[in-house]
Amino acid sequence: MGDSDDYKFLQIRDAIAAVNQKVNLIGVIIEFGVPKKTRGTDWICTLKIVDESHPKPGISVNIFAESMEKLPHVVSAGDIIQLSHVVMKTHCGEVNVVFNKRFSSFALYEGKDGKDFLPYQVSSKFRPRDLDKKFIEGLRKWLVDFQLDEGLSNFSFLREIKEGDRIDLACKIVHICEVAKDEWMVFLWDGTDAPPISLPTKLEDDLSNPVPLQLEPVALQRDLLCTFPAVGTILRVIFDQGMQNQYLHLLHSGKWVKFVNVLCEVKSGFWLGILTSFTKLRYTPNDDQLISVRQRLYNERLSSERGCIPYWCFPWSRITEVDYDDVPFVTLMDVLTYSEVTAKFKCVARVVAALPWQAEDLRSPLGTYRIRLTLEDPTTRIHALLYGEDGEKFFDGYPSTDVLRLKMNKLLGVAVSDNAPRTPPWAQFCLKSYYLSKNEAWGSRQYRIFGTKLE
DNA sequence: TTGGGG
């Protein structure tokens, strides 16, 4: 390519036809991954770019550099990259762009909201030119009305996650925090309920090996929980080895984001998402179609009578009878974040643990019931106590140990015969929230089950 | 050269 061609930018469509040729390109980054080490000595970062001539599915750009620092550090999907002297290559029938560190150069610019034409990062060989501004301006104008066609990609709702799956998610980041020294966690929400997780067959001793109330080592403060949506699961997400610092500065609390390839696991009976080196971030403007769908479904859910009932609870399943038939249901997150310490609620939840759980231990030496149940719904877990006359109502008096055992097995979802995992059934509960010490009302808050009878 | 996916 002679100097005279240096000003010539090809449209992506035309570049695709110029296999093995050196070209100049400028495009919008619709997807990018974090830097990785190659099997050689270099680092690589892959991007996917589009322009007006090729708005879908985008073309892959592989950028090599001798250090991580020299790779493009994309701030946000939707930013613009200018690529000079890159080579069009075919691989498995697909054309992609290869950035060669010996002669290629790049410049990164803010996307459609950019106010100036100064790149925020350039490679060492990049030479700015007066004409660059015109191309950036044109792309930004085109971007304003551009809606990414997701094509065959398959974004899941949180209610569709399965253990071991790698899924694409379109979620709101409701919080990011350091949960332990140098261990950060991201909290994602899309308004749907993650499926209930089967529990270990064996009922653990909840005293020596308690079932945790949350995945993070320390429970989140109530004033933070008050900022979370009270309906729908909040998925905890962590980072694969070495990925944390790469991802943290790309994620912002309060923003919707599309992740491609998030690993879904189960840990301690909770769903856990993991961002790996294969995870990619995809362009997610404020008016994104996938986001609009999620917001609309959530608003529909909130206005429906069943809105606070877990998605996975069949309407006819009913193992408890509760007083207050006409009171609306709330979620356990509503219970946790209610504005008063003293209050009454009606919830649908399942019992994931009991302390004690053996039928012969459910009553104190004085003969009164005293049990701590761990209740779970798609939003959170809480401890709820079942005491005295509330226990008497719950168990229909003081039945024999054999009958009590059957009742507890039903409540805890213990399989009668085989070693099947435990699947506690959904049940309705009346809950009251109260304090133990008036001087420390919030600090001494507890929950009790009342007005509830096991069938 | 490397990776292009998971």
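In what follows, chains carry the letters A, B, and so on, assigned in the order in which the sequence lines appear, proteins first and then strands, with residues in each chain numbered from 1.
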* Structure fact -> For Lys101(A), the salt bridge (charged side-chain N to carboxylate O under 4.0 Å, His left out) test, sequence neighbours excluded, returns Asp42(A)
* Sequence-distant partners of Arg306(A), side-chain hydrogen bond (donor to acceptor under 3.5 Å, both in side chains), two or more places apart -> none
* More 5' along DNA chain B: Arg166(A) or Asn100(A), using each one's nearest nucleotide? -> Asn100(A)
* Which pairs, with at least one residue in residues 100-130 of chain A and sequence neighbours excluded, count as a ring-ring contact (aromatic ring centres under 6.0 Å, His included)? -> Phe99(A)-Phe106(A)
* Where does the chain A footprint on DNA chain B start and end, counting 5' to 3' with a 4.0 Å heavy-atom cut-off? -> dT1(B) to dG6(B)
* **Partners meeting salt bridge (charged side-chain N to carboxylate O under 4.0 Å, His left out) with Lys56(A) (sequence neighbours left out)** => Asp149(A)
* Have a look at Lys280(A) and say if it touches a base, only the backbone sugar-phosphate, or nothing, with a 4.0 Å heavy-atom cut-off. => nothing
* Asked: Across the strands shown, which category fits Lys36(A) at heavy-atom distances under 4.0 angstrom: base, sugar-phosphate, nothing?
  -> sugar-phosphate
* Test ring pair (Phe, Tyr, Trp, His ring centres under 6.0 Å) applied to Phe270(A) - qualifying residues, sequence neighbours left out -> none
